[in-house]
Amino acid sequence: TLAERANLAGVQHILLVLSGKGGVGKSTLSTELALALRHAGKRVGILDVDLCGPSIPRMLRVQDSAVHQCDSGWVPVFVGQDKAIALMSIGFLLERPDDAVVWRGPKKNALIKQFVTDVAWGDLDFLIVDTPPGTSDEHISTVEALRPYQMLGAVLVTTPQ
């Protein structure tokens, strides 16, 4: 719909951060990349679609923040003294940040689609998408939901072993 398009209309580039396994530093890389781009004067957002292990709110010290609604959807949490990085994560929707998310595919896929279509990102130079480990339904759902938008590409995080 038109409203869906509007929420990502101001995003210039979308960058997926992926890996075939867990514990390789995807969330760390996503966070550091966002901070580096911000330091370079870019407008940056992070979409944390790691539904089972949403660590970015803790990395950016905003794990106690709440997400609010506006006319065009969810307002992301703004991070840092200058509130310069927009962040959306399931971590903000849980009662307690360490709560486990035990969902089957359809519910996870619906939330990912909602994150893509219902977050009011505003104008961003880069939207960094932190994905869960592996090559699961979440990855397919994320890529499918983002297909209509300008994709910059992906960073594949690997380990030397």
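- With values rounded to the nearest 0.5 angstrom, Asn109 atom CG is found 8.5 Å from Thr142 atom OG1.
- Looking at every heavy atom in both residues, Asp48 comes nearest to Ser55 through OD2-N, 3.7 Å.
- Salt bridge present: Asp82 and Arg38 bring a charged side-chain N and a carboxylate O closer than 4.0 Å.
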- request: Tell me, with the steps shown, if Ser89 and Ile56 meet side-chain contact (heavy atoms from CB on, under 4.5 Å).
  value: CA-CA 8 Å; Ser89 171; Ile56 292 184; 5.9 Å; no

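- Nearest heavy atom pair, residue Ile90 against residue Phe115, reads N-CZ, 3.6 Å.
- Looking only at distances, a side-chain donor or acceptor of Asn7 sits under 3.5 Å from a matching main-chain atom of Ser72.
- The minimum heavy-atom distance linking Val11 with Trp121 is given by the pair CG2-CB, 4.2 Å.
- Across Ala120 and Pro76, no two heavy atoms sit closer than the pair O-CD, 3.3 Å.
- Side-chain contact between Val79 and Ile46 is absent, with no heavy atoms from C-beta onward closer than 4.5 Å.
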message: Set out, in order, the CA-CA distance, both residues' side-chain angles and the distance that settles side-chain contact (heavy atoms from CB on, under 4.5 Å) for Thr31 and Asp130, then state yes or no.
response: CA-CA 9 Å; Thr31 301; Asp130 185 43; over 6 Å; no

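- Here the CD1-NZ distance, from Ile128 to Lys26, works out to 15.0 Å after rounding to the nearest 0.5 Å.
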field: Worked verdict on Leu37 versus Asp125 for side-chain contact (heavy atoms from CB on, under 4.5 Å)
entry: CA-CA 9 Å; Leu37 286 166; Asp125 295 307; over 6 Å; no

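- Counting heavy atoms from C-beta outward, Ser19 and Thr158 have side chains that stay 4.5 Å or more apart.
- A distance of 8.5 Å separates CD in Glu32 from CE in Met59, rounded to the nearest 0.5 Å.
- Leu111 and Val75 end up in different hydrophobic clusters when Ile, Leu, Val, Met, Phe, Trp and Tyr side chains are linked at under 4.5 Å.
- Looking at every heavy atom in both residues, Gln63 comes nearest to Arg58 through OE1-CA, 3.6 Å.
- Distance CZ/Phe126 to CD/Gln12: 9.5 Å, rounded to 0.5 Å.
- Transitive grouping of hydrophobic side chains (ILVMFWY, heavy atoms separated by less than 4.5 Å) brings Leu156 and Ile14 into a common cluster.
- Atom CG of residue Leu127 and atom NE2 of residue His13 lie 12.0 Å apart, to the nearest 0.5 angstrom.
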- prompt: Can you list the steps and then say if Leu8 with Leu146 is a side-chain contact (heavy atoms from CB on, under 4.5 Å)?
  reply: CA-CA 9 Å; Leu8 280 174; Leu146 291 170; 4.0 Å; yes

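- Annotation for Val77 and Phe92: closest pair CG2-CE1, 3.6 Å, computed over non-hydrogen atoms.
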